[in-house]
Amino acid sequence: MSKQALTGWRSFVPGVLAAAVCMLASAVLSAADKTPGLVKTRPSEGRFVETDQGFMVPYTVTIPGTELSFRMVPIPGGTYLMGSPEDEPGHKADEGPQISVQVEPFWMAEREVSWAEYRQFMKLYVIFKRFEQQKIRAVTDENRVDAITAPTQLYEPSFTFEFGDDDDLPAVTMTQYAAKQYSKWLSAVTGLQLRLPSDAEWEYACRAGTQTAYFFGDDPKELDEYAWYAETTNLETIEPVATKKPNPWGLYDMHGSVAEWVIDEYREDGYAWLAEKAKNGPIPASEAIAWPTEEYPRTVRGGSWEMDAEDCRCASKLGSNVPDWKAEDPNLPLSPWWFTSDPARGVGFRLVRPLKQMPREEIARFWEIDSEDIQYDVDVRLQEGRGVIGIVDEKLPEAIEELGDDDD
């Protein structure tokens with residue numbers, strides 16, 4: 001190569017690299033503009049989280065086909081100690097040992113799923129039955145990956161709704177499997193990756209940068225400002241969502257109201273299974289998930305309106321018990337979608353959405369059946385015609401509208 005050509009090449013390469021960098025930056029900014037809750041320009045006011053993809057900001061999600069909406073707020077990434085120290089009042093063995101966990105940024109629903117929202121999911125039972133009758137949107141081996149099972153009607157609504165079923169009350173008594181199917185349905189119709197939080201993500205969001213028993217400090221006397229719990233309710237009514245003060249990251253009812261499903265199994269020995277790995281430094285939250293393999297026990301967090309203050313701490317948790325929580329269910333097999341007995345009327349959930357899009361096989365673990373017992377219960381219900389399965393995608397709201405008004 002001649003000296004002149006070499007000089008020209010040297011001047012050309014930086015230009016190409018600069019252009020490539022500009023194109024890449026432009027692509028990142030364009031993605032930020034098109035992603036709900038992500039903007040390229042630093043907001044002049046309000047909460048935001050700066051990331052390498054742009055600025056995460058609060059945003060509102062409207063459930064397609066309805067006028068209902070919910071708000072997602074940004075949760076920054078960071079490292080924290082999961083669990084509680086042994087000298088914390090109310091500390092239990094399942095809250096230790098404390099483990100350092102690294103959490104990636106995500107959005108979290110600022111409040112728990114309400115009955116107004118959950119009823120849209122419940123309506124799918126009748127809708128999917130009508131699809132079957134009309135032989136439309138059939139489920140096949142090829143598209144079954146995009147299907148969900150819709151919850152059957154409540155066996156005894158008067159029990160579930162004894163303390164109220166107003167639209168703004170938190171939805172309760174659903175199984176973790178039903179909550180997972182709800183998140184898959186809503187993900188499909190909105191085009192967003194929505195799921196239950198992990199145990200580590202939930203506690204991190206609840207603490208909101210603090211390491212005290214409650215996100216506001218250690219004194220339970222202040223809990224009344226932030227939570228509905230046994231000492232502040234008449235134990236005869238459930239209160240509407242988001243009527244107390246939020247935590248520093250804008251999340252309501254993380255203490256009290258209803259305890260919330262997370263994806264993890266419940267372990268009486270807490271985080272002992274992570275202790276050896278934690279010696280090498282903070283554990284990524286994705287590697288700190290205790291993936292369930294049995295129907296129960298599974299973990300609910302945050303305490304409920306029926307529980308004492310110490311059971312509503314950041315680190316407190318409860319393990320589900322299917323025989324006890326379905327003691328009054330007369331069905332055989334027992335419903336995979338509903339509980340019938342307390343403390344289930346104090347159990348609900350809220351959703352999260354990760355900043356980084358997850359591959360299909362990874363997000364599917366947050367949606368699908370993970371236990372042979374649950375699979376059996378669902379299969380029997382479907383075979384006997386007491387259950388129903390349907391395809392969920394962005395075309396579902398339009399298909400529902402074409403059915404008319406009989407889906408109520």
Side-chain angles (χ1 to χ4, degrees), residues 73 75 80-84 88 90-96 98-99 101 103 106 108-113 170-180 182-183 195-216 220 223 226-230 241 244 246-247 249 251-271 274 285 288-292 296-321 325 339 343-352 366:
V73 298
I75 307 300
Y80 83 111
L81 281 178
M82 177 170 63
S84 66
E88 180 174 294
H91 168 86
K92 296 180 177 64
D94 60 8
E95 300 170 18
Q98 288 186 288
I99 299 294
V101 179
V103 181
F106 61 95
M108 191 175 217
E110 70 173 5
R111 54 178 172 76
E112 295 147 344
V113 172
V172 294
T173 76
M174 75 291 294
T175 62
Q176 189 210 53
Y177 168 65
K180 289 164 62 176
Y182 177 97
S183 69
R195 58 172 175 80
L196 293 181
S198 69
D199 195 13
E201 289 172 327
W202 190 96
E203 185 175 325
Y204 177 73
C206 179
R207 292 189 178 281
T210 70
Q211 204 60 45
T212 47
Y214 308 91
F215 57 70
F216 53 81
L223 186 58
Y226 302 92
W228 295 107
Y229 65 110
V241 297
K244 293 281 189 173
N247 77 356
W249 288 347
L251 301 169
Y252 293 88
D253 301 318
M254 295 298 280
H255 297 312
S257 185
V258 293
E260 301 174 14
W261 284 115
V262 295
I263 203 67
D264 301 60
E265 71 174 2
Y266 171 81
R267 300 176 62 104
E268 291 184 352
D269 64 350
Y271 309 115
L274 293 171
I289 299 175
W291 290 104
Y296 72 96
R298 301 183 181 221
T299 305
V300 292
R301 298 298 303 260
S304 80
W305 62 290
E306 299 174 300
M307 297 181 182
D308 294 332
E310 71 173 27
D311 293 323
C312 297
R313 292 170 297 111
C314 295
S316 63
K317 60 179 67 178
L318 177 68
S320 65
N321 186 314
W325 292 17
F339 290 118
R345 286 184 293 186
V347 175
F349 69 102
R350 77 179 74 209
L351 300 176
V352 300
F366 289 87

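Sequential numbering from 1 along the given sequence is applied to the chain's residues.
Using a 4.0 Å cut-off between charged nitrogen and carboxylate oxygen, Lys92 and Asp311 count as a salt-bridge pair.
Considering only heavy atoms from C-beta on, Met108 comes within 4.5 Å of Pro197 through its side chain. Here the side chains of Ile263 and Arg195 are not in contact, with every heavy-atom distance at 4.5 Å or above. Between Phe216 and Leu223, the closest side-chain pair of non-hydrogen atoms falls below 4.5 Å. The shortest distance between side-chain heavy atoms of Cys206 and His255 falls below 4.5 Å. Two residues are said to be in side-chain contact when any heavy atoms from C-beta on lie closer than 4.5 Å; Leu274 and Met82 meet this criterion. Side-chain contact check for Trp228 versus Val258: every heavy-atom pair is 4.5 Å or farther apart. Val172 is not listed as a side-chain neighbour of Trp305, based on a closest heavy-atom distance of 4.5 Å or more.
Checking side-chain atoms of Tyr214 against main-chain N and O of Ala309 turns up a donor-acceptor pair under 3.5 Å. One N or O on the side chain of Arg301 and one on the backbone of Cys314 form a donor-acceptor pair closer than 3.5 Å. Between the side chain of Arg298 and the main chain of Pro292, no donor-acceptor pair closer than 3.5 Å is present.
The salt bridge (Lys or Arg N to Asp or Glu O under 4.0 Å) test applied to Glu306 returns no partner, not counting sequence neighbours. With sequence neighbours left out, the salt bridge (Lys or Arg N to Asp or Glu O under 4.0 Å) criterion links Asp253 to no other residue. For Arg207, the salt bridge (Lys or Arg N to Asp or Glu O under 4.0 Å) partners are Glu203, not counting sequence neighbours. In this structure, Gln98 has no side-chain hydrogen bond (donor to acceptor under 3.5 Å, both in side chains) partners at least two apart in sequence or on a different chain. Remark: Arg111 pairs with Glu117 by the salt bridge (Lys or Arg N to Asp or Glu O under 4.0 Å) rule, at least two apart or across chains.
Ring to ring, Phe339 and Trp325 are close: their centroids are under 6.0 angstrom apart.
Looking at every heavy atom in both residues, Asn321 comes nearest to Tyr296 through CA-CD1, 3.9 Å. Nearest heavy atom pair, residue Tyr229 against residue Cys312, reads CB-SG, 4.0 Å. Across Lys244 and Ala227, no two heavy atoms sit closer than the pair CE-O, 3.6 Å. The two atoms that bring Phe106 and Val103 nearest to each other are CE2-CG1, 3.7 Å, heavy atoms only. The nearest pair of heavy atoms linking Thr175 to Trp261 is C-NE1, 3.7 Å. Between Pro343 and Leu318, the shortest heavy-atom distance links the atoms CG-CD2, 4.4 Å.
Each of Trp249, Tyr226, Tyr80, Tyr252 was checked for a ring-ring contact (aromatic ring centres under 6.0 Å, His included) with Phe215, and the lone residue meeting it is Tyr226.
Applying the salt bridge (Lys or Arg N to Asp or Glu O under 4.0 Å) rule to pairs touching residues 257-268 yields Glu260-Arg350, Glu265-Arg267, Arg267-Asp269, sequence neighbours excluded.
The line from CD1 of Ile75 to CG of Leu251 is 4.5 Å long, rounded to the nearest 0.5 Å. A distance of 6.0 Å separates OG in Ser183 from CG in Leu351, rounded to the nearest 0.5 Å.
For the 3.5 Å distance criterion, the side chains of Ser320 and Gln176 fail to qualify, holding no donor opposite an acceptor.
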Val101 and Tyr204: CA distance, side-chain angles, deciding distance, side chain to side chain contact (heavy atoms under 4.5 Å, CB included) verdict: CA-CA 9 Å; Val101 179; Tyr204 177 73; over 6 Å; no

Verdict with reasoning, Asp199 to Lys317, per side chain to side chain contact (heavy atoms under 4.5 Å, CB included): CA-CA 9 Å; Asp199 195 13; Lys317 60 179 67 178; 3.1 Å; yes

